[in-house]
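For this chain, numbers begin at 1 and follow the sequence in order.
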Amino acid sequence: MLDVRIIGEPLSNIPWQDKPSDCTSPVWRYSANPIINRNPLPGVARIFNSAVLPLNDGFIGVFRGEQRDGIPHIYIGRSQNAINWSFEPEKIPFTNSAGEPFIPRYAYDPRLVRIDDTYYIIWCQDFYGASIGIAETKDFVTFRRLENPFLPYNRNAVLFPRKIGGNYVMLSRPCDNGHTAFGDIFISESKDLEFWGRHRHVMGPSKKWWENLKIGAGPAPIETNIGWLLFYHGVVNTCNGYVYSFGAAILDTDEPSRVLHRCTDYLLAPEEWYEERGFVPNVCFPCAALTDSATGRIAIYYGCADSYVGIAFTTVQEVCDYILKHDSVDISDSEIGLR
């Protein structure tokens with residue numbers, strides 16, 4: 001058995017709950033899920049598909065808030081324990097490079113990544129069609145939007161938490177202008193967060209039932225001594241509609257378009273009432289992961305049925321052992337992703 005370690009900072013106050021004695025899965029749910037219920041603040045009906053990070057002695061988050069008019073925007077939340085959250089009542093006041101207000105027409109499914117001393121918010125927005133927006137902040141008071149990295153249509157984008165080969169690196173999922181019935185994960189690079197290129201294919205849907213329609217990146221990849229641990233969602237089309245589960249893969253540290261290992265089985269699929277019943281039923285959609293390098297603990301934040309936020313737990317050793325034991329990587333995954 002490989003000794004697997006998280007490369008990064010310790011997080012002594014990571015939210016945590018020990019694995020139940022009767023749990024046979026490598027990932028287990030927080031017993032008090034969901035941690036965010038409906039109607040969390042005036043004018044917002046539901047918060048889900050959101051991302052969190054440690055900040056000072058507590059935690060900061062960017063949250064998809066579905067307004068009561070049906071239009072999604074991103075809101076800031078703060079917490080001392082990463083479980084009980086308070087939200088700022090107004091959507092994030094994005095500006096352009098001149099400091100003028102520049103609010104997206106809509107914004108949803110944010111990811112939050114820290115690189116050095118800067119925090120980056122990445123989300124899906126209207127750019128004459130669904131595409132990717134990105135903004136930077138150092139203080140969570142001012143939020144400057146950067147150039148849109150990609151043309152429409154694109155979703156599920158997230159930055160790696162450090163540069164690779166001197167470049168910023170981003171995962172995304174090209175799509176179409178509807179509720180896409182296909183989707184592969186791609187990777188792109190940039191020297192300056194303005195001009196993006198060196199596009200490579202990472203992996204596509206597999207023949208496994210839970211991810212045979214489309215896939216998309218979840219939280220920022222977690223660096224380990226054996227590669228980047230990537231949690232991602234997979235979708236199957238059933239006779240009763242789409243079902244979203246999430247699984248995991250391990251990417252090459254220096255060439256992350258190469259998939260080293262990919263788990264055959266899902267890690268979490270809709271089973272609990274808050275995952276099966278909601279505005280969009282049968283959805284487990286991971287968007288964030290807190291990690292503690294000292295203990296190897298991981299807390300995964302995921303959207304539930306487009307209505308709630310839940311937490312699930314694992315350790316880097318347990319989940320990577322499970323991936324390696326149930327590895328199904330194929331030649332399309334393991335190639336460099338350039339044709």
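Ring geometry, Tyr301 versus Trp85: the interplanar angle exceeds 60°, so the pair is classed perpendicular (tilted spans 30 to 60°). Using the six-membered ring where Trp is involved, Phe143 and Phe140 have ring planes that are perpendicular, over 60° apart on the 30 and 60° scheme. The aromatic rings of Trp28 and Phe313 sit tilted, their planes meeting at an angle between 30° and 60°.
Taken together through direct or relayed side-chain contacts under 4.5 Å among Ile, Leu, Val, Met, Phe, Trp and Tyr, Val158 and Ile185 form part of one hydrophobic cluster. Ile36 and Ile311 end up in the same hydrophobic cluster when Ile, Leu, Val, Met, Phe, Trp and Tyr side chains are linked at under 4.5 Å. Transitive grouping of hydrophobic side chains (ILVMFWY, heavy atoms separated by less than 4.5 Å) brings Met170 and Ile164 into a common cluster. A continuous path of Ile, Leu, Val, Met, Phe, Trp and Tyr side chains, each step under 4.5 Å between heavy atoms, connects Val62 with Leu55, placing both in one hydrophobic cluster.
Asn156 and Tyr232 share no side-chain donor-acceptor pair at under 3.5 Å. A donor and an acceptor atom, one from each side chain of Ser79 and Asn81, are located under 3.5 Å apart. Between the side chains of Ser328 and Asp330, no donor-acceptor pair is found at a separation under 3.5 Å.
At distances below 3.5 Å, at least one donor-acceptor pair connects side-chain atoms of Asn225 with backbone N or O atoms of Arg5. At least one donor-acceptor pair closer than 3.5 Å links the side chain of Ser293 to the backbone N or O of Glu9. Looking only at distances, a side-chain donor or acceptor of Asp327 sits under 3.5 Å from a matching main-chain atom of Arg262.
Considering Ile74, Ile76, Ile103 as possible partners of Lys91, the one that fulfils the side chain to side chain contact (heavy atoms under 4.5 Å, CB included) test is Ile103. The only option from Tyr266, Tyr244, Phe246 that meets the ring-ring contact (aromatic ring centres under 6.0 Å, His included) definition with His233 turns out to be Tyr244.
Glu88 has a carboxylate O that lies under 4.0 Å from a charged side-chain N of Arg78, or vice versa, which qualifies the two as a salt bridge.
Few gaps surround CG on Asp3; more than 12 heavy atoms of other groups in view lie less than 6.0 Å from it. Around atom CG of Asp69, more than 12 heavy atoms belonging to other residues, nucleotides or ligands sit under 6.0 Å away. Open room surrounds CZ on Phe279; 12 or fewer heavy atoms of other groups in view lie less than 6.0 Å from it. Shown here is Tyr242, whose OH atom has more than 12 heavy atoms of other residues, nucleotides or ligands within 6.0 Å. No more than 12 heavy atoms of other residues, nucleotides or ligands shown are found within 6.0 angstrom of CD on Glu90.
In this structure, Phe48 has its ring center at least 6.0 angstrom away from the ring center of Phe285. Aromatic ring centres of His199 and Phe186 lie farther apart than the 6.0 Å criterion allows. Taking the six-membered ring for Trp and the full ring otherwise, the centers of Phe94 and Trp123 sit less than 6.0 Å from each other.
Between Asp292 and Ile6 there is no side-chain heavy-atom pair separated by less than 4.5 Å. Under the 4.5 Å side-chain criterion, counting only non-hydrogen atoms from C-beta, Leu260 is not in contact with Val329.
Taking the ring axis of Tyr168 as reference, the NZ or CZ atom of Lys163 stays within 45° of it and closer than 6.0 Å to the ring centre.
Under the rule for a ring-ring contact (aromatic ring centres under 6.0 Å, His included), the partners of Tyr308 that lie at least two apart in sequence or sit in another chain are Trp273.
Smallest separation of non-hydrogen atoms from Tyr153 and Asp176: CB-O, 3.5 Å.
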